[in-house]
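Presented below is the structure to which this report refers.
The structure presented is a predicted model; accordingly, all values stated were derived computationally and were not measured. Each chain gets a letter, A, B and so on, in the order the sequences are listed, and its residues count up from 1.
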There are 4 protein chains.
Amino acid sequence: MINGEKHTEAPIRWGMVGGGKGSQIGYIHRSAALRDNTFTLVAGALDIVPERGRSFGIELGIDPSRCYADYETMFAAEAQRADGIQAVSIATPNNTHFAIAKSALEHGLHVVCEKPLCFTVAEAKELEALAAAGKKVVGVTYGYAGHQLIEQAREMVARGDLGEIRLVNLQFAHGFHSAAVEEQNPATRWRVDPRFAGPSYVLGDVGTHPLYLSEVILPDLRIKRLMCARQSFVKSRAPLEDNAVTLMEYQGGAFGTVWSSCINAGSMHGQKVRIVGSKASLEWWDERPNQLSFEVQDEPARVIERGMGYLYPPALADDRIGAGHPEGLFEAWANLYYRFAMAMEASDRGDAARLAGIRYPDIRAGIEGVRWVENCVRSADLGGVWVDYV
Amino acid sequence: MINGEKHTEAPIRWGMVGGGKGSQIGYIHRSAALRDNTFTLVAGALDIVPERGRSFGIELGIDPSRCYADYETMFAAEAQRADGIQAVSIATPNNTHFAIAKSALEHGLHVVCEKPLCFTVAEAKELEALAAAGKKVVGVTYGYAGHQLIEQAREMVARGDLGEIRLVNLQFAHGFHSAAVEEQNPATRWRVDPRFAGPSYVLGDVGTHPLYLSEVILPDLRIKRLMCARQSFVKSRAPLEDNAVTLMEYQGGAFGTVWSSCINAGSMHGQKVRIVGSKASLEWWDERPNQLSFEVQDEPARVIERGMGYLYPPALADDRIGAGHPEGLFEAWANLYYRFAMAMEASDRGDAARLAGIRYPDIRAGIEGVRWVENCVRSADLGGVWVDYV
Amino acid sequence: MINGEKHTEAPIRWGMVGGGKGSQIGYIHRSAALRDNTFTLVAGALDIVPERGRSFGIELGIDPSRCYADYETMFAAEAQRADGIQAVSIATPNNTHFAIAKSALEHGLHVVCEKPLCFTVAEAKELEALAAAGKKVVGVTYGYAGHQLIEQAREMVARGDLGEIRLVNLQFAHGFHSAAVEEQNPATRWRVDPRFAGPSYVLGDVGTHPLYLSEVILPDLRIKRLMCARQSFVKSRAPLEDNAVTLMEYQGGAFGTVWSSCINAGSMHGQKVRIVGSKASLEWWDERPNQLSFEVQDEPARVIERGMGYLYPPALADDRIGAGHPEGLFEAWANLYYRFAMAMEASDRGDAARLAGIRYPDIRAGIEGVRWVENCVRSADLGGVWVDYV
Amino acid sequence: MINGEKHTEAPIRWGMVGGGKGSQIGYIHRSAALRDNTFTLVAGALDIVPERGRSFGIELGIDPSRCYADYETMFAAEAQRADGIQAVSIATPNNTHFAIAKSALEHGLHVVCEKPLCFTVAEAKELEALAAAGKKVVGVTYGYAGHQLIEQAREMVARGDLGEIRLVNLQFAHGFHSAAVEEQNPATRWRVDPRFAGPSYVLGDVGTHPLYLSEVILPDLRIKRLMCARQSFVKSRAPLEDNAVTLMEYQGGAFGTVWSSCINAGSMHGQKVRIVGSKASLEWWDERPNQLSFEVQDEPARVIERGMGYLYPPALADDRIGAGHPEGLFEAWANLYYRFAMAMEASDRGDAARLAGIRYPDIRAGIEGVRWVENCVRSADLGGVWVDYV
Ligand SMILES: NC(=O)c1ccc[n+]([C@@H]2O[C@H](COP(=O)([O-])OP(=O)(O)OC[C@H]3O[C@@H](n4cnc5c(N)ncnc54)[C@H](O)[C@@H]3O)[C@@H](O)[C@H]2O)c1
Ligand SMILES: NC(=O)c1ccc[n+]([C@@H]2O[C@H](COP(=O)([O-])OP(=O)(O)OC[C@H]3O[C@@H](n4cnc5c(N)ncnc54)[C@H](O)[C@@H]3O)[C@@H](O)[C@H]2O)c1
Ligand SMILES: NC(=O)c1ccc[n+]([C@@H]2O[C@H](COP(=O)([O-])OP(=O)(O)OC[C@H]3O[C@@H](n4cnc5c(N)ncnc54)[C@H](O)[C@@H]3O)[C@@H](O)[C@H]2O)c1
Ligand SMILES: NC(=O)c1ccc[n+]([C@@H]2O[C@H](COP(=O)([O-])OP(=O)(O)OC[C@H]3O[C@@H](n4cnc5c(N)ncnc54)[C@H](O)[C@@H]3O)[C@@H](O)[C@H]2O)c1
């Protein structure tokens, strides 16, 4: 039960890079971080346009002297202060993540970074080494992974409720970019430009979300090889894809599919995860996140509801309000930020055991997302052939 | 678009009565009030057990010297401080609401009070008079009324999208108290005891929620007469009911029904609102709150989604995150608290025009809830006869 | 398992009154009766316009000499033939049912009659006496009662899966007559004219359907008293109602509601049955008839699927195609006609034991529908007061 | 509007091979063929065990002298009779289809054959040539293709309601064979044995169903190349697969996927078709067949209901009962058999124009199903590589 009690000695002093006024994802970072008294927002380099960033920072209640023109200035200045930031969140376009995260780690900060963490596994490993050296936490915001019913799904698989895992069917297939909206919309424009978005569009932008959910629910699965076909239905997006299908063979014989799309016309998110086992299946849909379908072969399908006393204990621990009341994306994110804080504190205290017990999308999650995109792109660019997963 | 920017000069200094550790509803008050930089929690009399309240207050980050043993002490002490609280929320069992709210108003505080506001219309009118005299805001937490799609529904009715209104079908019918859980659960125990709960159980506890939604969506409807049948399926709950059906005739000919229940076994909330017009119907269900069914006769039914650009402007104004992402009860509450803050500020500035433009569950909503319960109970106690609505 | 095998020595020789070309319900009678080799259509007085009826009869493959101008002629002529009809179905407007059924019974025929069986309980009792005297079967076509999952529901209640029954929530509330479509549509016109429709419109036309489902599922419940409010939202329909709500107290303390409507704009059928017990609830919806929701308090809700091996044996007996494949209204009707045939044959053989074991909507179902409408209308006409159920 | 009127001069004299007592699919053939007065069952070789077939034939009302021991005898004997059968349906295990269909065509019969039509395209072409030479109709029972809303979908695509077609997502993925049920169940046993089932299990058994739906809805699409991965999760089923994923590139750039499975634990059918266009998407699910989801980007999703007056005329033509009432698999099949009859009659009359206007799963549908399986198997056996579609 989460009820607003302080769980950290003091809230972690926190800054943001990006997430400026009108940005898509900035508000949910702040909303999640500030939800449970674990972080306090004290500094920011919130916008590519310094003045806009500064005035927005002031509106957010940041001390004007700590509204910085850019992240380098912020990291340098804050490092001088006794009360300087301890952690930073990065909510800028993809191409900047690596440099900002690297600089943050070099300045001794814990980092929460938007996905994709960076563009290549090599870069990701570099960040991993820096984090390990500095004993810093790196969290990646695969926000849906914080939902109570994802924890329930993970526990059900662990207890064998599904039997042996056979199929992993993943999709995040929305329709918002069915037309070339990037012509009008700047937040879409950078997404379809490889200089800003990296080597893929929908694979990295949406496909990695359910991929990470599958990593959470099925921690023991390892991809052996995969093949990917990608298309650019809006021609001007090429070489970046607006639709992709990935097939995956796992070690041990399970089989997976991922449908990543932004041209699934009329669909809202379409983020769905279906895990098929030898005895039963699980299905979760982010648009009706308070229900988890549990389908045992030869029995009536069951609808598992968030918040109910029959959930497994790790799922119940995240509860904020009784069953029946819907929780949404904000609670999922808040649960993650809560864990980021717990991890940062444990790390600062050098409490490795505690740290190991906290499940959150960490640097490995970041690496795996980048790795998966790299493998998908390699397969797709070879014409959709099977490639060993490296 | 709500994004965490400060919208008040400074956050309103705020205290709580009740909502202590383990209480059902305390956390969502805090979560909602603190969501948008509009309130800051600085004092509390959080628990019937002073010591428990004090230690919880400290955990919440309240200055120990402002963790009070009871509300009288708090109101008196805070009134002495230059930085004393400006507003208080009351989240205690029903029987205490009137006295606490009255005292708060007498101490010059804005009040957010849990429903039911009090036990009788006479009491409610007394609070109304006090609030008017002191120019204070009284908000009542019918939380679902803050959901974006309720605003959309209201606007659709106003624009005539449904034609002339004919039927209002309301229900809040959960199953959590199918058995006599009060024998174990103290938070249920007071609800079935008239000394604490007042003249009704489910009518006041759950039925008033969709009733208020109907008041928001259909501001012009007036009940002419009603009849109510109530039952106590768990016998020991008599005279309080655990199930009730109310029929309502509105002025102008529309007809309404309300099903209030806590013995609807296996149902989660079952809070549903269906408005039937001469051309089309609307239906909303709090457990899938991001979808609004809009059913025009002789056309395919439409599913209206929260956050989409095609919503009417007053609905879009409440948006916090793009369409597709689910918002839940917390955002609905946060939207209300945001409006409470706007109203308090407008009131303090004496800006009557601005105040009149803010739609929130105010003292009249509180009065109407109490009035409706009073009328229902009168009808039920007469054997389920029609009574004029007074 | 029903598979087309002959289950009667020879198909029953069968005629129809009404159900002519373009009629709403004629085809489903023929489709159901002829589905399982139990009836053969050999005569008809199919239309109020003799010539139209005759030519349609010929199109249906009836011998021209047995296409009659009216039912009296048909009953008289057929009674003269060694191979004359043994049974007749009546699918004419309501006002004619009594006279036709009476005449059919007097001519020694088994009768399948559309609902409502007649206009008054007195008439219904007269038919009952005639049927008893002649040892004839009278079936009434509450078609949905033949669905496999209704049998399952009945058995679940009988076995105590729901605990003690508390609430019976019934509705059949469509929107097809939201506007005054009777101005164009003759099949609606007679429905809103008391001379043809009888004392009610929607109560009798749609409300009796879920009422009968409740009688099937809950054979032990007895209405003690009821109250009914009815409205004519399309004014020209008065005194007949286009919307009605009925509340019912059952002997033993259960409580029921019925919503009957044809002005529920945008709704398709809206025929739903929810039975709430002390342990669990059941819910069935005729528009998704292959699923039955079974909701045990404090457990995940279950979706029971038609055709699955876990159904109770009486439900499985009606199976025609494996689970997964949807069955619809036609199978429900065919199941009823199958039982009508079994009952007629058992009756003809004088096999009272077998006859008693066949569950179908019989003359008592017909009487109860008429009785319920009579009581509802009485209450409504007294201003919506409680009346003892007589 | 279909209402039981005779639409053929006289019912077509019809026989069956297979579909014996206890078989899965025999009843629905009879039920569909006999539904509309277009066929009359006069002969049969219903079972691999002659005596069982004979006694079942008698139970079905077939003249004992026309209950044959095997199909050769039947075809030979019937050919001698003036009133011999004109058409035959084949509902036996897959391995026998080719020989029986060939013999039937050689005996001058119209043929309705279960899918798969045969095992190789070469065989299928042989049947095609025979049918063309004899001017005979060959129908293949992809039963769901007869549903009213499939016709609606086809018309919507034709009119451009979806824009340019981009994605075709198909699945038929049930869970009934999650365990090795073939050890007990003979009807499953032959399905996993290549001698009886042919070169594939689920690809042919279930995958071809939605494939044919896509051919109906999207008559202009042509597969250019495909790749297929198949698995045998129940090991003993190898080399036959119990799960398969097929990816398809169409000429013109559209992309398709097919998920075929019998180990999708807990799923009923899971037959779903989603067509994504540049403007909108369509989705249909065979378990809720009376609703078609129509999702225009940037508009509320619409639920199109079977039977409503707003359907396009070709869809309305198939109507049997008003909107709201659910139709299921039986009506879909009956619609097909109705068209088979129309086609046979047009063919017999030599009315080529009429014949060309009747849309039904014909010999080309049979060929395409076999071709698709052949290509899938070829790709899968090469390790899941892309193969040109031949
Ligand atoms: N986790 C999720 O669910 C999720 C959802 C949406 C976006 N994202 C990710 O979040 C990131 C941001 O996406 P968005 O949609 O909010 O983008 P956006 O274009 O809406 O906003 C980007 C913000 O970053 C600012 N910015 C750009 N460069 C900057 C720099 N060098 N320094 C400081 N500020 C800078 C811009 O001014 C803007 O305020 C992307 O990496 C995206 O992939 C994640
Ligand atoms: N708006 C909603 O959706 C909603 C939902 C649940 C409850 N409620 C209402 O909220 C109120 C509280 O309900 P709950 O379920 O949280 O009750 P609860 O029994 O769970 O908690 C009540 C809290 O109030 C404290 N308290 C009691 N008397 C007090 C006093 N005199 N001074 C200070 N603290 C005191 C208790 O110690 C406890 O912490 C009720 O009026 C109820 O109707 C509203
Ligand atoms: N059980 C159900 O689900 C259901 C559904 C629809 C209608 N109904 C009932 O079926 C009956 C018929 O309804 P409908 O909607 O088909 O009506 P309709 O008006 O569409 O058809 C009535 C038919 O009866 C014929 N007819 C009228 N008077 C006749 C007479 N004296 N002799 C012979 N034929 C005569 C008409 O020519 C017409 O063919 C009504 O009682 C109605 O309540 C039942
Ligand atoms: N279209 C569909 O939706 C659908 C659904 C199920 C099955 N099928 C197809 O229908 C066919 C039959 O499948 P089923 O599940 O009913 O099989 P089944 O094993 O249940 O029944 C097969 C029947 O054929 C009889 N039979 C076998 N060999 C025969 C022969 N040589 N001569 C005469 N009778 C013979 C058997 O005695 C039995 O009655 C298969 O090809 C299958 O693929 C199609």
Side-chain angles (χ1 to χ4, degrees), chain A residues 162-164 166-167 169 171 173-179 181 225 227-235 242-245 247-249 253-257 259 261 263-268 270 274-283 293-302 383-386, chain D residues 162-164 166-167 169 171 173-179 181 225 227-235 242-245 247-249 253-257 259 261 263-268 270 274-283 293-302 383-386:
Chain A
L162 277 70
E164 186 193 341
R166 290 173 167 179
L167 301 177
N169 285 4
Q171 62 168 80
H174 66 80
F176 291 108
H177 302 159
S178 291
V181 294
R225 53 179 207 142
M227 67 82 61
C228 175
R230 59 174 183 164
Q231 302 87 35
S232 310
F233 284 104
V234 173
K235 298 267 174 299
D242 48 21
N243 189 74
V245 176
L247 307 186
M248 305 180 292
E249 286 179 14
F255 192 82
T257 60
W259 177 24
S261 189
I263 55 94
N264 182 17
S267 164
M268 301 304 296
R274 183 173 180 88
I275 313 289
V276 177
S278 52
K279 295 193 303 197
S281 299
L282 269 183
E283 189 162 326
S293 181
F294 178 45
E295 307 167 18
V296 180
Q297 183 55 41
D298 299 325
E299 297 185 9
R302 286 173 180 78
V385 301
W386 288 95
Chain D
L162 278 69
E164 186 192 343
R166 290 173 167 180
L167 300 177
N169 285 4
Q171 63 168 79
H174 68 79
F176 291 108
H177 302 159
S178 290
V181 293
R225 55 179 207 142
M227 68 81 62
C228 175
R230 59 175 183 164
Q231 302 86 35
S232 311
F233 284 104
V234 173
K235 297 269 174 298
D242 48 21
N243 188 74
V245 176
L247 307 186
M248 304 180 292
E249 285 179 15
F255 193 82
T257 58
W259 177 24
S261 189
I263 56 93
N264 182 17
S267 163
M268 300 305 295
R274 182 175 181 89
I275 314 290
V276 177
S278 53
K279 295 194 302 198
S281 299
L282 270 183
E283 189 161 327
S293 182
F294 178 45
E295 307 166 17
V296 180
Q297 182 56 40
D298 298 326
E299 297 185 9
R302 286 173 180 78
V385 301
W386 288 95

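Listed options D/S267, D/A301, D/S278, D/G277 were ranked by heavy-atom pairs under 4.5 angstrom with chain A; first place goes to D/S267. In terms of heavy-atom pairs under 4.5 Å with chain D, the best-connected choice from A/L162, A/D298, A/N169, A/T257 is A/N169. Annotation: maximal heavy-atom pairing with chain A below 4.5 Å, among D/G266, D/A280, D/A254, occurs at D/G266. For the set D/G163, D/G253, D/S281, the count of heavy-atom pairs under 4.5 angstrom toward chain A peaks at D/S281. In terms of heavy-atom pairs under 4.5 angstrom with chain D, the leader among A/L247, A/V385, A/V296 is A/L247. Interface remark: of the candidates D/K279, D/E295, D/Q297, D/Q297 forms the most heavy-atom pairs closer than 4.5 Å to chain A. With chain A as the partner, the residue from D/F233, D/W259, D/F176, D/W386 showing the most heavy-atom pairs under 4.5 Å is D/F233.
Contact of A/F294 with chain D is not made at all, since no heavy-atom distance falls under 4.5 Å. Interface remark: A/M227 contributes side-chain atoms only to the contact with chain D (heavy atom separation under 4.5 Å). Interface remark: A/R230 contributes no atoms to any contact with chain D (heavy atom separation under 4.5 Å). Both the backbone and the side chain of D/I263 come within contact range of chain A, with heavy atoms under 4.5 Å apart.
Atoms CZ and CG, from A/R166 and D/N243 in turn, are 9.5 Å apart once rounded to the nearest 0.5 Å.
The two residues D/V276 and A/A265 come nearest to each other via the heavy atoms CG1-N, 3.6 Å. Residue D/A229 comes nearest to A/F255 through the heavy atom pair CB-CZ, 3.7 Å, listed as atom of the first residue, atom of the second, then distance.
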